[in-house]
Amino acid sequence: MSDLKKIRDEFISKLKGKLDLAELNQIKSDLFGKNGLVSSQFKKIGTIDVSERKKFASDLNIIKDELHDLINFKINEIEKANINEKLEKEKIDVTLPERSFVRGKIHPVSQTIDEISSIFSEIGFSVEEGPDVENEYNNFTALNTPDNHPARDMHDTFYLDEKKERLLRTHTSPVQIRTMLKDKPPFKIIAPGRTYRSDSDQTHSPMFHQVEGLHIDKNINMGHLKGCLNYFIKEFFEVKKIKMRFRPSHFPFTEPSAEVDIGYEIKDGKIIIGEGDQWLEILGCGMVHPNVLKNVKVDPTKFQGYAFGIGIDRLAMLKYGINDLRAFFDCDYRWLNHFGFDPLDVPTNYRGLSR
Ligand code: DAH
């Protein structure tokens, strides 16, 4: 029997047995590796007598293909079986019932802030933010608030150090200062956020929310302030007409200053905004005091404007019929479920911030 035939028969019978991947790879290298049995036969071709060379080469190629194909077939078979076994083990049971999940609700205060921001953004206001922990300068001094002003009292303000240099901001007005210090006029911004005062009863909470407004440009007057607030209140309460009155007031950072009331009446136990003879105070406002502008290096002979501060929680309570302010901050899941907003079920009047 020729060498070739011997090699062939020996390995064909070996390959009939049950072999694992490692054994098959070993056989592959025994035959076709650098010094493998078949590879060595190829090296021999040149030494064979010319008369037999052609036949030898042809037989060798046939045997090489036969063994090679058989080994690859067996390797393939094992790999396929491995994959099938893995798939079988990792099979997903699509008949399993889905896991139940609870969809969260948007807090009425967040919803109200979104609505306010989108209403003001439609008339050119952008949204600014400031930190809850403020310094005394931004919260009081830069806003023209004298040292003996009652708002600075320990009973009203949460100070964070003995020197009274750092505090929890008592209003969003310091964002006016921050905005004007970092940029050049004109300014047209609102700044919603958390504010803090030492106060707690059914209508006051130590933490509450305000939105500040500031519009500074050349030739801005009180008419602009009135127009802006009138537009906002109508849009917010979704009414065509609104009764609004400006009551003279005092804030250190505005001159003149006013508080704004809106007309309302109670009909069948429900509050109707914009009609009736009753008045409800909803915000403070005025023309920005020249001293404030000087403090932020804005020339009050060239630029002027208005500012306002609105209590957000109050607006949310009015619009959504919530009567106890403290519930806003109780984190009662049942309350939130009732008064909160479904994040996927957008109310019809909601414009969305991105519009
Ligand atoms: N900061 C005032 C407060 O908390 C509200 C306010 C009044 C803000 C008049 C203003 C303003 O910007 O011009 O009571």
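For ligands, and for the atoms within them, numbers begin at 1 and follow the listed sequence.
In this comparison of H289, E212, M287, the heavy atom closest to atom 12 (O) of ligand 1 sits on E212.
Side chain of D161 to main chain of K164: a donor-acceptor pair is present (N/O by atom type, distance under 3.5 Å, no hydrogens or angles). For the pair D268 (side chain) and K270 (backbone), a donor-acceptor distance under 3.5 Å is absent.
Atoms of ligand 1 lying under 4.0 Å from at least one heavy atom of Q176, given by number and element, are 12 (O). Residue F251 has at least one heavy-atom neighbour below 4.0 Å for each of these atoms of ligand 1: 7 (C), 9 (C). For ligand 1, the atoms closer than 4.0 angstrom to any heavy atom of G286 are 13 (O). Close approach of ligand 1 to S173 is summarised as follows: ligand atoms under 4.0 Å from at least one heavy atom of the residue are 1 (N), 8 (C). Of all atoms in ligand 1, listed by their number and element, those nearer than 4.0 Å to a heavy atom of F308 are 8 (C), 10 (C), 11 (C), 12 (O), 13 (O). Near G309, meaning under 4.0 Å from any of its heavy atoms, are these atoms of ligand 1: 6 (C), 8 (C), 10 (C), 12 (O). Annotation for ligand 1: atoms under 4.0 Å from non-hydrogen atoms of T254 are 13 (O). The distance from ligand 1 to the heavy atoms of Q210 drops below 4.0 Å at these ligand atoms: 3 (C), 4 (O).
Rounded to the nearest 0.5 angstrom, R326 CZ and H204 NE2 are separated by 11.5 Å.
The N/O atoms of G284, backbone and side chain alike, include none that comes under 3.5 Å of an N/O atom in ligand 1. The shortest N or O to N or O distance between T170 and ligand 1 is not below 3.5 Å.
Contacts between C285 and ligand 1, counted as non-hydrogen atom pairs separated by less than 4.0 Å, involve the backbone only. Proximity of R197 to ligand 1, defined as any heavy-atom pair under 4.0 Å, is confined to the side chain (atoms from C-beta onward). Residue contacts with ligand 1 for F253 involve side-chain atoms from C-beta outward but no N, CA, C or O (heavy atoms, distance under 4.0 Å).
Both tests hold for K319 against F236: distance to the six-membered ring centre under 6.0 Å, angle to the ring axis within 45°. A cation-pi arrangement is not found for K28 relative to F32, the charged atom failing to lie both closer than 6.0 Å to the ring centre and inside a 45° cone about the ring normal. For the pair K105 and W335, the cation does not sit on the ring face, since its NZ or CZ is not both under 6.0 Å from the ring centre and inside 45° of the axis. Figure legend: K226 and F246 shown as a cation-pi pair, the cationic atom lying under 6.0 angstrom from the six-membered ring centre and within 45 degrees of its axis.
For the pair D199 and R197, the salt-bridge criterion is not met [side-chain N within less than 4.0 Å of a carboxylate O].
Taking every heavy atom of both residues into account, L225 and A307 meet most closely at CD1-O, 4.3 Å.
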